[in-house]
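Read the structure below first, then the notes.
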Amino acid sequence: MIKKLASYVKEYKIYAILTPIVMIGEVLMEILIPFVMADIIDKGIEGKDLSYVISRGLLMVLMSFVSLAFGALGGMLGSKAAMGFAKNVRSALFAKVQDFSFGNVDHFSTSSLVTRLTTDVNHVQMAFLMLIRGAVRSPMMLIGAVIMAVRINARLATVFLVAIPILGLTFYLISSTAHPRFKAMLKKYDALNASVQENLIAIRIVKAFVRERHEMDKFEVSADDVRKAQMKAEKVIILNGPVMQLTMYVSILAVLWLGGNMIIGGTFQLGQLASFLTYIGQTLNSLMMLSMLFMMMIISIAAMRRICEVLEEVPDISDADADPSAVLENGSIEFRGVNFSYHKDPEKLNLTDINLKIKSGETVGIIGGTGSAKTSLVQMIPRLYDPLSGSVLVGGRSVKEYSLKTLRDNTAMVLQKNVLFSGTILENLRWGNENATMEEVEQACRNADAYGFITSFPEGFDTYLGQGGVNVSGGQKQRLCIARALLKKPKIIILDDSTSAVDTATDARIRAAFRKELKGTTTLIIAQRISSVQDADRIVVMDDGRISDVGTHEELLQRNEIYKEVYTSQQKGEED
């Protein structure tokens with residue numbers, strides 16, 4: 001796990017290597033300063049040699065400045081390495097998520113992925129910074145200070161033999177207890193992010209139903225769960241400080257008492273005692289820094305595991321075995337004995353025994369009640385999901401034989417949830433074809449019946465859309481998404497209830513434009529309104545994950561009860 005993440009240091013490796021080297025210089029200066037201080041007291045002050053005091057004092061000042069310079073340089077290099085490392089990890093995570101199928105995203109949940117890309121990476125970044133600075137500095141300071149203390153007085157240095165094991169045992173007990181608590185805390189962060197994300201996406205619904213108080217109460221519960229999880233983890237970690245302080249002060253008292261008696265006995269000097277106390281402080285401070293590093297590693301290990309879970313996730317859908325030279329010749333589609341389950345469980349099928357052939361250039365309507373798996377059916381064509389069993393063929397070949405790019409470049413899909421991005425209308429449209437000419441953009445917009453409202457805006461195609469297209473209506477958003485799909489000039493276009501927010505007249509104009517402009521394109525139209533599909537070459541009636549019937553509008557009215565019932569209810573609704 002650590003080895004895998006370490007590989008993301010990449011081009012910032014030089015900073016990561018230089019940081020501990022620079023920290024060695026800082027440590028050496030800090031270890032030598034107390035030694036010089038002892039000379040000033042024992043030789044300069046007691047010997048009343050002012051010139052010796054001044055020369056040694058200037059040396060101490062110089063060493064302090066050198067130590068400061070090394071420390072500042074180490075901080076700068078370490079920050080560059082840590083921030084670069086975090087950038088690379090985030091980029092790798094984001095790139096990995098782009099390869100995920102819908103099933104992979106469902107497995108983690110959006111809120112959890114957001115937490116892993118932000119909070120978890122921040123924890124790992126801080127741990128990495130402390131590691132490259134403290135993993136060398138603290139042990140070196142500890143070893144150097146102990147050596148110097150032993151050199152001054154080996155008998156007095158036995159204090160360390162008592163203090164260090166006590167602190168080591170404390171670190172072990174704290175770490176073994178704290179790790180699972182921090183792991184649980186990060187899961188609570190996932191739930192909090194889910195609450196925030198859901199609220200922000202549905203803020204209009206919240207306000208329309210005056211549910212602000214309900215959402216606030218729900219958020220407070222999530223926030224309080226995070227607080228409790230943090231408290232449960234932190235109450236273990238905070239024991240580290242008091243134990244460290246107690247050990248330090250007891251050690252200092254022991255040194256003062258033993259050292260004072262030695263001074264009185266004439267076997268120890270005052271300057272030596274002062275420098276010995278400094279080395280005691282350096283030793284215990286080094287242990288404290290190591291304990292903080294240890295605690296940070298405990299917190300970050302849970303974050304590292306969560307990050308590695310994403311990086312090691314194998315996408316459900318891969319084109320590794322595809323033929324890179326495979327070309328999608330036409331837009332014919334065939335389902336052969338397809339069974340599908342979101343849970344990958346043959347006992348819980350969402351689609352059962354689907355057999356269907358669609359000719360290239362044919363317009364096929366798909367209709368059925370809510371939950372009849374209409375969307376599930378079409379999502380397997382561009383391989384957003386793969387069937388549990390059976391096969392899907394496009395252009396006479398299995399979809400698995402095409403690279404995902406080839407398959408999806410030739411398949412345009414307007415999903416139920418219409419998504420636009422921050423940017424101008426033109427930038428959003430060119431998601432369909434970034435090299436599309438202005439004439440092609442305008443023609444696609446006319447076919448989607450979007451040209452009129454776009455040109456009515458003062459800025460026209462340069463009108464800026466907020467996140468999610470918040471400054472256009474639902475019907476306008478749908479038509480922009482249809483135009484964006486048309487710009488791909490696909491062999492297959494799938495409209496998943498994509499005209500539900502437009503009036504029947506607009507729907508009719510869009511269908512008329514499709515019949516004229518998309519003669520060679522296989523068109524699948526999922527709709528709730530029969531009027532949206534009645535002119536199709538064939539209509540597929542879905543019922544509870546199965547194909548109930550396939551036929552023309554007139555044929556289905558004659559023989560299919562489900563279709564007849566929907567048609568009758570809609571006709572009656574229009575008359576009312």
Side-chain angles (χ1 to χ4, degrees), residues 93-117 183 186-187 190-191 193-194 197-198 305-323 326 333-358 366 368-394 397-408 411 413 415-417 419 492 494 496-497 524 526 540 542-548:
L93 283 170
F94 191 79
K96 186 71 176 185
V97 171
Q98 302 311 300
D99 289 336
F100 281 177
S101 67
F102 283 12
N104 294 118
V105 175
D106 294 342
H107 170 238
F108 285 104
S109 84
T110 304
S111 59
S112 179
L113 289 171
V114 170
T115 306
R116 293 168 201 245
L117 273 157
K183 188 175 179 180
L186 290 172
K187 287 185 178 179
D190 287 348
N193 276 348
Q197 180 189 20
E198 185 179 60
R305 286 207 174 101
R306 285 159 53 89
I307 289 170
C308 286
E309 281 175 6
V310 177
L311 293 174
E312 293 170 359
E313 175 82 355
V314 178
D316 287 346
I317 296 172
S318 170
D319 57 4
D321 298 327
D323 179 2
I333 302 167
E334 183 178 356
F335 292 86
R336 291 182 182 172
V338 168
N339 293 299
F340 171 74
S341 169
Y342 286 107
H343 303 285
K344 301 188 184 340
D345 184 352
E347 300 299 320
K348 297 178 180 178
L349 293 176
N350 299 94
L351 285 167
T352 305
D353 194 26
I354 301 297
N355 290 282
L356 177 66
K357 287 185 178 181
I358 300 171
I366 303 174
T370 302
S372 59
K374 304 184 295 295
T375 298
S376 302
L377 177 71
V378 298
Q379 284 182 338
M380 284 184 284
I381 297 169
R383 292 193 72 193
L384 300 179
Y385 290 98
D386 271 344
L388 189 65
S389 61
S391 58
V392 180
L393 286 73
V394 172
R397 303 177 68 165
S398 169
V399 290
K400 295 181 179 180
E401 294 182 32
Y402 299 105
S403 69
L404 290 175
K405 177 172 174 54
T406 298
L407 182 63
R408 291 173 184 174
T411 307
M413 191 168 186
L415 299 169
Q416 284 177 310
K417 185 178 180 182
V419 177
I492 300 168
I494 301 166
D496 188 354
D497 206 17
L524 304 183
I526 296 176
V540 177
M542 299 292 297
D543 181 36
D544 195 26
R546 297 175 182 270
I547 294 178
S548 171

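Excluded from the calculations below are hydrogen atoms, water molecules and symmetry mates; all remaining heavy atoms, backbone and side chain alike, are included. Residue numbers run from 1 in the order of the sequence given.
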Start with the C-alpha distance between Tyr342 and Ser376, add both sets of side-chain angles, then the distance that settles side chain to side chain contact (heavy atoms under 4.5 Å, CB included), and finish with yes or no.
CA-CA 9 Å; Tyr342 286 107; Ser376 302; 2.6 Å; yes
Test Leu351 against Met380 for side chain to side chain contact (heavy atoms under 4.5 Å, CB included), laying out the working first.
CA-CA 11 Å; Leu351 285 167; Met380 284 184 284; 3.2 Å; yes
Between [atom1] on residue [X] and [atom2] on residue [Y], distance to nearest 0.5 Å:
{"X": "Ile307", "Y": "Arg116", "atom1": "CD1", "atom2": "CZ", "result": "9.0 Å"}
{"X": "Glu309", "Y": "Leu93", "atom1": "CD", "atom2": "CG", "result": "11.5 Å"}
{"X": "Ile333", "Y": "Ile381", "atom1": "CD1", "atom2": "CD1", "result": "4.0 Å"}
{"X": "Asp99", "Y": "Asn104", "atom1": "CG", "atom2": "CG", "result": "9.5 Å"}
{"X": "Ser372", "Y": "Asn350", "atom1": "OG", "atom2": "CG", "result": "11.5 Å"}
{"X": "Arg336", "Y": "Asn355", "atom1": "CZ", "atom2": "CG", "result": "9.5 Å"}

Of the non-hydrogen atoms in [X] and [Y], which two are nearest, and what is the gap between them?
{"X": "Ala373", "Y": "Gly545", "answer": "CB-CA, 4.0 Å"}
{"X": "Thr411", "Y": "Pro382", "answer": "CG2-CB, 4.0 Å"}
{"X": "Met542", "Y": "Ile547", "answer": "SD-CG1, 3.8 Å"}

Less than 4.5 Å apart, side chain to side chain, heavy atoms only: is that true for [X] and [Y]?
{"X": "Lys96", "Y": "Pro315", "answer": "yes"}
{"X": "Leu384", "Y": "Met413", "answer": "yes"}
{"X": "Arg408", "Y": "Arg383", "answer": "yes"}

Hey, mind stepping through Thr115 and Ser112 against side chain to side chain donor-acceptor pair (under 3.5 Å) and telling me if it holds?
CA-CA 5 Å; Thr115 306; Ser112 179; 5.8 Å; no
Go through the structure and list residues passing side-chain contact (heavy atoms from CB on, under 4.5 Å) with Asp544, not counting sequence neighbours.
none
Between Asp319 and Ser403, does a side chain to side chain donor-acceptor pair (under 3.5 Å) hold up when you go through it step by step?
CA-CA 5 Å; Asp319 57 4; Ser403 69; 4.8 Å; no
Could you check Thr352 against Phe340 for side chain to side chain contact (heavy atoms under 4.5 Å, CB included), going step by step and ending with a plain yes or no?
CA-CA 7 Å; Thr352 305; Phe340 171 74; over 6 Å; no
Look at atom CG of Asp345 and say whether more than 12 heavy atoms of other residues, nucleotides or ligands are closer to it than 6.0 Å.
yes
Pair Asn339, Ser389 - check side chain to side chain donor-acceptor pair (under 3.5 Å), show working.
CA-CA 5 Å; Asn339 293 299; Ser389 61; 3.0 Å; yes
Can you tell me how the ring of Phe100 sits relative to the ring of Phe108, calling it parallel under 30°, perpendicular over 60° and tilted otherwise?
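Parallel: the ring planes of Phe100 and Phe108 meet at under 30°.
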Who pairs with Asp323 by salt bridge (Lys or Arg N to Asp or Glu O under 4.0 Å), at least two apart in sequence or on another chain?
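In terms of salt bridge (Lys or Arg N to Asp or Glu O under 4.0 Å), with neighbours along the sequence ignored, Asp323 is linked to Arg397.
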Within the distance-only criterion (no hydrogens, no angle test), does the side chain of Thr406 pair as donor or acceptor with the backbone N or O of Tyr402 below 3.5 angstrom?
no
Within the distance-only criterion (no hydrogens, no angle test), does the side chain of Lys400 pair as donor or acceptor with the backbone N or O of Ser391 below 3.5 angstrom?
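Pair absent, no side-chain N/O of Lys400 close to backbone of Ser391.
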Begin from the C-alpha positions of Val399 and Leu393 and carry the test side chain to side chain contact (heavy atoms under 4.5 Å, CB included) through to its verdict.
CA-CA 5 Å; Val399 290; Leu393 286 73; over 6 Å; no
Using the salt bridge (Lys or Arg N to Asp or Glu O under 4.0 Å) rule, take Lys344 and Asp316 through it: C-alpha gap first, then chi angles, then the decisive distance, then the call.
CA-CA 11 Å; Lys344 301 188 184 340; Asp316 287 346; 3.4 Å; yes
